[in-house]
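So the structure is just underneath, and the comments pick up after that.
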Amino acid sequence: MCLKFNTDNWLTLISLLFAVIAGGFVYYQWRKSTKTRRAEFINQILEKLRFDKELPKSMYIIDYNQNWYDSSFHNGNLEISIDRLFSYVDYICYLKKTRNISATEFKIFQYEINRICVSDSTKKYLWNLYHFSKKIKQLALFSI
């Protein structure tokens with residue numbers, strides 16, 4: 001049986017072809033828009049980490065004041081600003097863990113996170129938080 005193309009068949013075929021082309025164009029625009037929004041999202045996170053009023057000051061303290069965690073640390077402004085920084089960095093790690101940012105995107109933040117983690121005072125503070133939370137039978141506050 002031979003399929004004959006009449007005017008209706010040709011119009012249907014042409015309409016289908018246009019629909020496929022339009023669908024491809026819509027998909028291309030959607031992908032482009034998604035990439036732009038992701039880049040803006042990563043930039044917002046980076047801007048806050050590097051140019052916020054408090055977070056860069058805390059990073060500076062961690063980098064250049066090697067013994068910031070001492071008996072005067074608790075219940076002071078330094079504790080609040082360090083906790084704010086750690087919470088923000090923990091959020092970035094959470095985004096990576098839940099795959100809301102890719103491993104490649106996470107590399108943008110890797111340097112700052114490594115700087116925080118190599119600090120002896122950071123290690124002491126997180127060790128203290130871990131044992132305190134264990135003592136009161138609560139989950140640890142940070143996952144970095």
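Nothing here was measured: the structure is a model prediction, and the numbers come from that model. For the numbers below, each heavy atom of this structure counts, side chains included, while hydrogens, waters and symmetry mates do not.
Contacts of Tyr64 classified as ring-ring contact (aromatic ring centres under 6.0 Å, His included), with partners at least two apart in sequence or in another chain: Tyr60. Legend: residues meeting ring-ring contact (aromatic ring centres under 6.0 Å, His included) with Phe73, ordered by chain and number and at least two apart, are Trp68, Tyr69, Tyr125. Residues that satisfy the side chain to side chain contact (heavy atoms under 4.5 Å, CB included) test with Asn43, not counting sequence neighbours, are Glu47. Here Thr36 pairs with Glu40 under the side chain to side chain contact (heavy atoms under 4.5 Å, CB included) rule; sequence neighbours left out.
Tyr88 contributes a side-chain N or O that, together with a main-chain N or O of Ile45, makes up a donor-acceptor pair within less than 3.5 Å. Side chain of Ser81 to backbone of Ser58: no donor-acceptor contact under 3.5 angstrom is found.
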List the steps, then state whether side chain to side chain contact (heavy atoms under 4.5 Å, CB included) holds for Phe109 with Val89.
CA-CA 9 Å; Phe109 309 106; Val89 169; over 6 Å; no
Step-by-step side chain to side chain contact (heavy atoms under 4.5 Å, CB included) determination, Met59 to Ile116:
CA-CA 7 Å; Met59 281 298 296; Ile116 291 169; 3.5 Å; yes
List, one per line, each side-chain donor-acceptor pair under 3.5 Å for residues 20-29, sequence neighbours excluded.
none

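Rounding to the nearest 0.5 Å places CG of Leu49 at 13.5 Å from CD of Gln44.
Nearest heavy atoms, Asp52 versus Leu55: OD2-N, 3.4 Å.
Sorted by first and then second residue, the pairs that involve residues 93-116 and meet salt bridge (Lys or Arg N to Asp or Glu O under 4.0 Å), not counting sequence neighbours, are Arg38-Glu105, Arg50-Glu112, Asp63-Arg115.
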